[in-house]
Amino acid sequence: MTRSAPKAGVIGWPVEHSLSPLIHRHWLQRHRLEGTYDLLPVAPDDIGAYLQHFCEHGLAGANVTVPHKETACRIAGKVSDLARRLGAANTLWLEDGELAADNTDVHGFVANLDERASGWDDGKTALIIGAGGAARAVIAGLADRGFDRIVIANRTLERATALLGWFAGEPAQLSAAPLDRADTFLAGADLIVNTTSAGLAGAAPLALDWSSAQATAIATDIVYVPLITPFLAGAAQAGLTHVDGLGMLLHQAAPGFRKWFGVMPDIDEELRSFVLAALAERH
Ligand SMILES: NC(=O)c1ccc[n+]([C@@H]2O[C@H](COP(=O)([O-])OP(=O)(O)OC[C@H]3O[C@@H](n4cnc5c(N)ncnc54)[C@H](OP(=O)(O)O)[C@@H]3O)[C@@H](O)[C@H]2O)c1
């Protein structure tokens, strides 16, 4: 490999669990490109200085994951309108020596549904469970695709209410509810999205009563470990179309790869099977 091969990686804390190196290294190999993609663990106390001196690390760019997405958005010199709208960035690159930032989670969320549940945006009413960082990307994606009534149900009601303020300028009508009232909004929802880490392998699942959901409703989870979360299993049992969260991860990764390595990578069944096999080995 020549010394000029582009280097990228994923910045997070902790970051060892990240699947991003697996995905980007697969693409590098598949597209026969020179380059590297590594784990970049940076502690919360160090992230400010790390990003301020980004051009000294020899990187073409990086992904940013929990808990640094907000800091990355604050520190980058050039921030896309979308990242600014979400207050969070997950993709960084250098532009004329300056740190530039974007958010590709919205693209990942929407592209996954476009691919696996065509017509998912025919409906106009959505129930989002969870009000963390990822919920912001989901809200933006739904608003952009014409959903005009969005209920956000969260364990900590204040966090859901705070999102109403954050998105106050959006045309969609947003409302907040406590998690234990989520069931009451199921009947009116065309799309039901889980963004909570409840149901993540090892965590207690959400207790939802799917019996009132419309038969035509679509359920999607952005958590992909396990691939079929208890949330998706409940939706499947109720006969609903359901979409897992792995595609969101794959699609959000692609724009960064193109920026750093110059090729728009393939997102296909081969990649999906490769990542699923790696996940099965890990869990
Ligand atoms: N597929 C993808 O590409 C993708 C992209 C981004 C994120 N994700 C995944 O999405 C999940 C959420 O990410 P995030 O950044 O939004 O995290 P976050 O900011 O920490 O928010 C976590 C959310 O989960 C809720 N929650 C956690 N444990 C819960 C429980 N036991 N019962 C009910 N609610 C619970 C929290 O509720 P409280 O507010 O009450 O604490 C909050 O709404 C993570 O698992 C992450 O890996 C996937």
Side-chain angles (χ1 to χ4, degrees), residues 69 73 80-90 102-155 157 159-179 181-199 206 208 210 213-214 216-224 229 231-232 235 240-252 255:
K69 290 184 183 184
C73 187
S80 72
D81 290 345
L82 180 56
R84 209 178 292 285
R85 178 176 169 211
L86 302 179
N90 72 339
D102 195 6
N103 191 306
T104 65
D105 279 336
V106 178
H107 164 73
F109 175 72
V110 166
N112 184 35
L113 285 168
D114 282 343
E115 185 182 289
R116 305 193 87 84
S118 161
W120 66 274
D121 53 352
D122 290 346
K124 292 289 163 263
T125 301
L127 169 63
I128 300 178
I129 303 175
R136 291 186 186 200
V138 171
I139 293 168
L142 295 185
D144 290 351
R145 295 298 282 262
F147 281 79
D148 54 18
R149 284 176 57 98
I150 301 172
V151 178
I152 306 156
N154 196 46
R155 179 176 64 179
L157 179 61
R159 244 180 137 187
T161 311
L163 285 184
L164 307 189
W166 182 269
F167 286 103
E170 303 275 338
Q173 185 195 323
L174 268 59
S175 51
L179 182 58
R181 291 203 55 228
D183 283 348
T184 59
F185 297 98
L186 270 179
D190 302 306
L191 180 75
I192 304 138
V193 187
N194 178 44
T195 72
T196 74
S197 32
L206 298 169
L208 277 182
W210 287 93
Q214 302 174 46
T216 53
I218 296 171
T220 186
D221 202 324
I222 67 164
V223 169
Y224 48 84
T229 58
F231 170 88
L232 288 183
L240 270 55
T241 299
H242 54 286
V243 178
D244 66 69
L246 182 57
M248 177 176 174
L249 177 78
L250 305 180
H251 281 282
Q252 65 76 32

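The first residue in the sequence is number 1, and the count goes up from there. Predicted model only: the values in this text are computed from it and were never measured. Side-chain atoms are counted along with the backbone in the values below, which use heavy atoms only and exclude waters and symmetry mates.
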Inset, instruction - Take atom CZ of R116 as the centre, draw a 6.0 Å sphere, and report whether it contains more than 12 heavy atoms from other residues, nucleotides or ligands. - result: yes
Inset, instruction - Identify, with sequence neighbours excluded, every residue that meets salt bridge (Lys or Arg N to Asp or Glu O under 4.0 Å) alongside R85. - result: D144, E170
Inset, instruction - Can you sort out the partners of D190 under salt bridge (Lys or Arg N to Asp or Glu O under 4.0 Å), two or more places apart, ordered by chain and number? - result: none
Inset, instruction - Return the set of residues passing salt bridge (Lys or Arg N to Asp or Glu O under 4.0 Å) with D102 (not counting sequence neighbours), or none when no residue passes. - result: none
Inset, instruction - State whether the side chain of D105 and the backbone N or O of A137 hold a donor-acceptor pair below 3.5 Å, judged by distance alone. - result: no
Legend entry - Set of salt bridge (Lys or Arg N to Asp or Glu O under 4.0 Å) partners for D114, sequence neighbours left out: R145
Legend entry - side chain to side chain donor-acceptor pair (under 3.5 Å) against T220, all qualifying residues, sequence neighbours excluded: none
Inset, instruction - Check whether any side-chain N or O of T195 sits under 3.5 Å from a backbone N or O of I129 as a donor-acceptor pair, and report yes or no. - result: yes
Inset, instruction - Could you tell me the separation between the CD1 atom of I152 and the CG atom of L179, rounded to the nearest 0.5 Å? - result: 13.0 Å
Legend entry - L164 side, atom CG; I139 side, atom CD1 - distance, nearest 0.5 Å: 8.0 Å
Inset, instruction - Can you see which heavy atom on P178 is nearest to which on A153, and at what distance? - result: O-CB, 4.2 Å
Legend entry - Nearest heavy-atom neighbours spanning F231 and A219: CE2-CB, 4.1 Å
Inset, instruction - Examine distances only and state if a side-chain atom of N90 and a backbone atom of T104 form a donor-acceptor pair shorter than 3.5 Å. - result: yes
Inset, instruction - First locate atom CG of D81, then atom CG of L86, and finally report the distance between them rounded to the nearest 0.5 Å. - result: 11.0 Å
Inset, instruction - Show your working on side chain to side chain contact (heavy atoms under 4.5 Å, CB included) between I128 and L142 and close with a plain yes or no. - result: CA-CA 10 Å; I128 300 178; L142 295 185; 3.8 Å; yes
Legend entry - Distance-minimising heavy-atom pair for H107 and H251: CD2-O, 3.3 Å
Inset, instruction - Kindly compute the distance separating CG (N103) from CZ (R84), expressed to the nearest 0.5 Å. - result: 13.0 Å
Inset, instruction - Using side chain to side chain donor-acceptor pair (under 3.5 Å) as the criterion, list what pairs up with N194, not counting sequence neighbours. - result: T196, D221
Legend entry - Closest non-hydrogen atom pair, C73 against A89: CB-N, 3.8 Å
Inset, instruction - Mind listing the closest non-hydrogen atom pair of F185 and A177 along with its distance? - result: CE1-CB, 3.6 Å
Legend entry - Exercise: identify the closest heavy-atom pair between A235 and H242: CB-CB, 4.4 Å
Legend entry - Separation of N112 CG from L249 CG (nearest 0.5 Å): 10.0 Å
Inset, instruction - Take the angle between the ring planes of F147 and W120 and call it parallel below 30°, perpendicular above 60°, tilted in between. - result: parallel
Legend entry - Note, I192 side chain near W210 side chain (heavy atom, < 4.5 Å): yes
Inset, instruction - Would you give the length of the straight line joining atom CG of L191 to atom OG1 of T216, rounded to the nearest 0.5 angstrom? - result: 11.0 Å
